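None of the values given here were measured: they were computed from a predicted structure.
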Amino acid sequence: MTAFPPNALKLIKYSRSKKTNFDFEREREREMGFTEKQEALVKESWEVMKQNIPDQHSLRFFTLILEMAPAVKNMFPFLKDSDEIPQNNPKLKNHARIVFKMTCDSAIQLREKGQVVLPAVLLKHLGSAHLKKGVVDSHFEVVKKALLGTIKEAVGESWSDEMGGAWGEAYDQLAATIKTQMEEEAAQPQLSSN
């Protein structure tokens, strides 16, 4: 058995328990959940962006998605038969608006309820649609990167890592809710058409 100096155990315990102010702040934020400041950052940036979602940001959002993962093009019916992103496609614009709005709403719910809660019919639809299209974790990550990239460009100098973290957390929680529903849909026995 190794003999330690009398104060060695105290020093080991102290060094393990020693935390920086940053560590305490992070721990406090985790305990508090989605903070008021995070919610405010998402809501403020949404207000700046939402007027240009249909025309400018929806196109940029899908351009980024396709630059990162060209193979996903066929998952979107409104992109499937086109060689380029159709600039005046109302379905593309609406889909982008829904993704941004649902993520913003998720931030508000995280602050108010501590979780993302979607209406049962909508959640079932999202789980089923994403499962049928073959959406996997890496697709959610691509959408997250495109979402954050689009927001960063849209808000310009207002962008901060903290804002990106807030939007990222809201999106992650929304995606986790959809993934859980996808798992439930996949686990259900398939009804035979016979």
Rounded to the nearest 0.5 Å, how far does [atom2] of [Y] lie from [atom1] of [X]?
{"X": "Ile178", "Y": "Leu123", "atom1": "CD1", "atom2": "CG", "answer": "7.5 Å"}
{"X": "Leu79", "Y": "Asn89", "atom1": "CG", "atom2": "CG", "answer": "7.0 Å"}
{"X": "Met49", "Y": "Gln56", "atom1": "CE", "atom2": "CD", "answer": "9.5 Å"}
{"X": "Leu131", "Y": "Lys133", "atom1": "CG", "atom2": "NZ", "answer": "12.0 Å"}
{"X": "Leu64", "Y": "Thr150", "atom1": "CG", "atom2": "OG1", "answer": "4.5 Å"}
{"X": "Phe76", "Y": "Phe62", "atom1": "CZ", "atom2": "CZ", "answer": "4.5 Å"}

*Any side chain to side chain donor-acceptor pair (under 3.5 Å) pairs touching residues 164-174, not counting sequence neighbours?*
Ser45-Trp167, Lys144-Asp172, Glu169-Gln173

_Qualifying side chain to side chain donor-acceptor pair (under 3.5 Å) pairs, either residue in residues 57-72, two or more places apart_ = Arg60-Glu153

*Considering residues at least two apart in sequence or located in another chain, which fulfil the side chain to side chain donor-acceptor pair (under 3.5 Å) criterion with Lys37?*
Glu162

*Salt-bridge test for Glu39 and Lys43: reply yes if a basic N is under 4.0 Å from a carboxylate O, no otherwise.*
yes

*Identify the two heavy atoms, one from Gly168 and one from Leu148, that lie closest to each other, and give their separation to 0.1 Å.*
N-CD2, 3.9 Å

_All side-chain contact (heavy atoms from CB on, under 4.5 Å) counterparts of Lys152, not counting sequence neighbours_ = Trp159

_For the residue pair Glu184 / Gln188, report whether a side-chain donor-acceptor contact shorter than 3.5 Å exists._
no

*Using the test ring-ring contact (aromatic ring centres under 6.0 Å, His included), find all partners of His130 that sit at least two apart in sequence or belong to another chain.*
Phe140

Could you tell me whether a side-chain N or O of [X] sits under 3.5 Å from a main-chain N or O of [Y], the two making a donor and an acceptor?
{"X": "His95", "Y": "Leu92", "value": "no"}
{"X": "Gln38", "Y": "Thr35", "value": "yes"}
{"X": "Ser128", "Y": "Lys124", "value": "no"}

*Can you get from Val72 to Val136 by hopping between Ile, Leu, Val, Met, Phe, Trp and Tyr side chains that sit under 4.5 Å apart?*
no

*Met75/Lys80 under side-chain contact (heavy atoms from CB on, under 4.5 Å): CA gap, chis, key distance, verdict*: CA-CA 7 Å; Met75 292 180 162; Lys80 195 181 276 188; over 6 Å; no

Show me the donor-acceptor pairs, under 3.5 Å and distance only, between side chains in residues 101-110 and residues at least two apart or in other chains.
unit_1, atom_1, unit_2, atom_2, d
Lys101, NZ, Asp105, OD1, 2.7
Thr103, OG1, Val99, O, 2.8
Ser106, OG, Met102, O, 2.8
Gln109, OE1, Val117, N, 2.5
Gln109, NE2, Val117, O, 2.9

*Do other residues, nucleotides or ligands put more than 12 heavy atoms under 6.0 Å from the NZ atom of Lys132?*
no

_Atom NZ of Lys145: over 12 foreign heavy atoms under 6.0 Å_ = no

*Can you spot which of Glu185, Lys179, Glu183 makes a side chain to side chain donor-acceptor pair (under 3.5 Å) with Gln181?*
Glu185

